[in-house]
Amino acid sequence: MNDLAFPVPLWVWAAVTLGICVMLAVDLIAHRDNHVIGFREAAIWSSIWIAVGLGFGFGFGLILLAWQGGEVSSTYYAGYLIEKALSIDNVFVFALVFSFFAVPDAYQHKVLFWGVLGALAARLVFIFVGAELLQVFFWTAYLFGAFLIWTGWKMAVSKDEEVHPDRNPVVRLVKKLIPTDPKFHGDSFFIRRNGKRIATLLFVVLVAVEATDLIFAIDSVAAVLAITTNTFLVWTANAFAVLGLRSLYFCLAGLLRRFAYLHYGLAVLLAFAGVKLILSETPAGKLPIPLTLGVIAVTITVSIAWSLIATRNQPTDRWEQPVGTDTGSTSGAHGPPADDDLTHHQPHADRSPHGKDSP
């Protein structure tokens, strides 16, 4: 598989990863008081994270311009844009999970923060495994490509299928293995009762978010690997896009209803990535990066504009989120599921991007 191949010193990997950890620490400190994040604050933080992601591509591209040429920077941006676009779909499902469990607004950022740590770890593993498979076994490009095309098709046709977080096998396994209290206890993931450590409902929500992101991680990493198998570029594109996922959620939470047709655009991007990956192992070869960037930019722009125009008269309230949640209480405004099975508590939305019963 022809691709950008240049050695990245270990100290560069360490420096970038350390920088990401520092940014996560700054974000954690900034929100250590569990306050409710409003649109203005979320928009500021989203702008910061986007600026950091774009700035890294620009600075890294300048450093390597004389050495590797401008394709390095444009390849990073193509991966960053497609990952950022796909992360919007994460927001939809996170909103469903939070609504399902009636998570108080003030605790949602903590769940997403620790969820992002797990997301980064999962993506790092998938990146190295996927890149190695593509480099060693050329035919895996056909498998990954077919998977992306199938995922895109499922995303396009599964808009009306429900999401049931309680049916997720990972959530079920955790609830069987760990004693769980079906209530919130402030922002604690665990409490002690009669000398025993017991998981709270907030921990169950965290598990649901992590399980959800595992599915998205496979899709998004495969999509970026369709652009390049350079592990450093894939890792940085994923990491800087995921860093702003929490702020993006709070920024878009009131606009989710307006993105009615975005999933069609994301489906096109996944299918395009699959075709691109398959073509890379045919005489046609890899599609030019400028063409890839153009397709990504046009698809995102058209799908968002189409959605906003078609839903311009719709309200922009939270995604069926409990309004006026008492963030100091131990449950949401509608209350968490009353029993440990959570089977009676139905979600308030009808959208699953992958056509599966669980996130």
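Closest non-hydrogen pair, W45 versus S247, comes out as CB-OG, 3.1 Å. Residues L248 and S46 come closest through the heavy atom pair N-OG, 3.5 Å. What you find for S303 and L262 is that their closest heavy atoms are OG-CD1, 3.5 Å. Heavy atoms only, all atoms of each residue included: G152 and A267 are closest at O-CB, 3.0 Å. Across all their heavy atoms, T228 and V234 have their closest contact at O-CG2, 3.2 Å. Here the closest heavy-atom approach between residue A208 and residue F101 is recorded as CB-CE1, 4.3 Å.
Every pair tested for salt bridge (charged side-chain N to carboxylate O under 4.0 Å, His left out) that includes a residue from residues 293-303 fails, sequence neighbours excluded, so the list is empty. Within the structure, salt bridge (charged side-chain N to carboxylate O under 4.0 Å, His left out) contacts touching residues 226-245 (residues at least two apart or in different chains) do not occur. Legend: salt bridge (charged side-chain N to carboxylate O under 4.0 Å, His left out) pairs involving residues 231-251, not counting sequence neighbours, sorted by first then second residue: D27-R246.
Applying the side-chain contact (heavy atoms from CB on, under 4.5 Å) rule to V129 yields the partners V125, L133; only residues at least two apart in sequence or on another chain are considered. Qualifying salt bridge (Lys or Arg N to Asp or Glu O under 4.0 Å) partners for R193, counting only residues two or more places apart in sequence or in other chains: D181. Every residue two or more places apart in sequence or in another chain that forms a ring pair (Phe, Tyr, Trp, His ring centres under 6.0 Å) with F240 is listed here: F56. For A222, the side-chain contact (heavy atoms from CB on, under 4.5 Å) partners at least two apart in sequence or on another chain are L148. Checked against ring pair (Phe, Tyr, Trp, His ring centres under 6.0 Å), Y142 has no partners two or more places apart in sequence or in another chain. Residues that satisfy the side-chain contact (heavy atoms from CB on, under 4.5 Å) test with E83, not counting sequence neighbours, are R123, S220, V224, N238, A241, V242. The ring pair (Phe, Tyr, Trp, His ring centres under 6.0 Å) check on F126 picks up nothing, with sequence neighbours excluded. For F147, the ring pair (Phe, Tyr, Trp, His ring centres under 6.0 Å) criterion is met by no residue, not counting sequence neighbours.
Separating the CZ atom in F189 from the CH2 atom in W114 is a distance of 8.0 Å, to the nearest 0.5 Å. Atom CZ of F98 is separated from atom CG of D105 by 9.5 Å, given to the nearest 0.5 angstrom. Atoms CG and CG, on L120 and L24 in that order, are 6.5 Å from each other to the nearest 0.5 Å. Between T301 atom OG1 and W306 atom CH2 the span is 14.5 Å, to the nearest 0.5 Å. Taken to the nearest 0.5 Å, the CG atom of L233 stands 11.0 Å off from the CG atom of L225. With rounding to the nearest 0.5 angstrom, the CD1 atom of I82 is 8.5 Å from the OG1 atom of T292.
Taking the side chain as every heavy atom from C-beta outward, T299 and F272 never approach each other to under 4.5 Å. Taking the side chain as every heavy atom from C-beta outward, V111 and V97 never approach each other to under 4.5 Å.
The aromatic rings of F184 and Y107 lie tilted to each other, with the angle between the two planes from 30° to 60°.
Each of F203 and I191 belongs to its own hydrophobic cluster when Ile, Leu, Val, Met, Phe, Trp and Tyr are linked at side-chain heavy-atom distances under 4.5 angstrom. Under the 4.5 Å side-chain heavy-atom criterion for ILVMFWY residues, no single connected hydrophobic cluster contains both V298 and Y77. Note on L10: it does not cluster hydrophobically with I20, by side-chain heavy-atom contacts below 4.5 Å among ILVMFWY residues. Residue V302 is not grouped with residue L269 when hydrophobic side chains (ILVMFWY) are merged at heavy-atom distances under 4.5 angstrom, including chains of intermediate members. Note on L266: it does not cluster hydrophobically with V268, by side-chain heavy-atom contacts below 4.5 Å among ILVMFWY residues.
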**Message:** side chain to side chain contact (heavy atoms under 4.5 Å, CB included), that's the test. Do T17 and L124 meet it? Break it down for me.
**Reply:** CA-CA 11 Å; T17 304; L124 191 60; over 6 Å; no
Extract all donor-acceptor atom pairs below 3.5 Å that involve side chains of residues 47-54 and protein atoms in other chains or at least two apart in sequence.
{"unit_1": "S47", "atom_1": "OG", "unit_2": "A43", "atom_2": "O", "d": "2.8"}

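When each of W13, F232, W235 is tested with F128 by the rule ring-ring contact (aromatic ring centres under 6.0 Å, His included), just one qualifies, namely W13.
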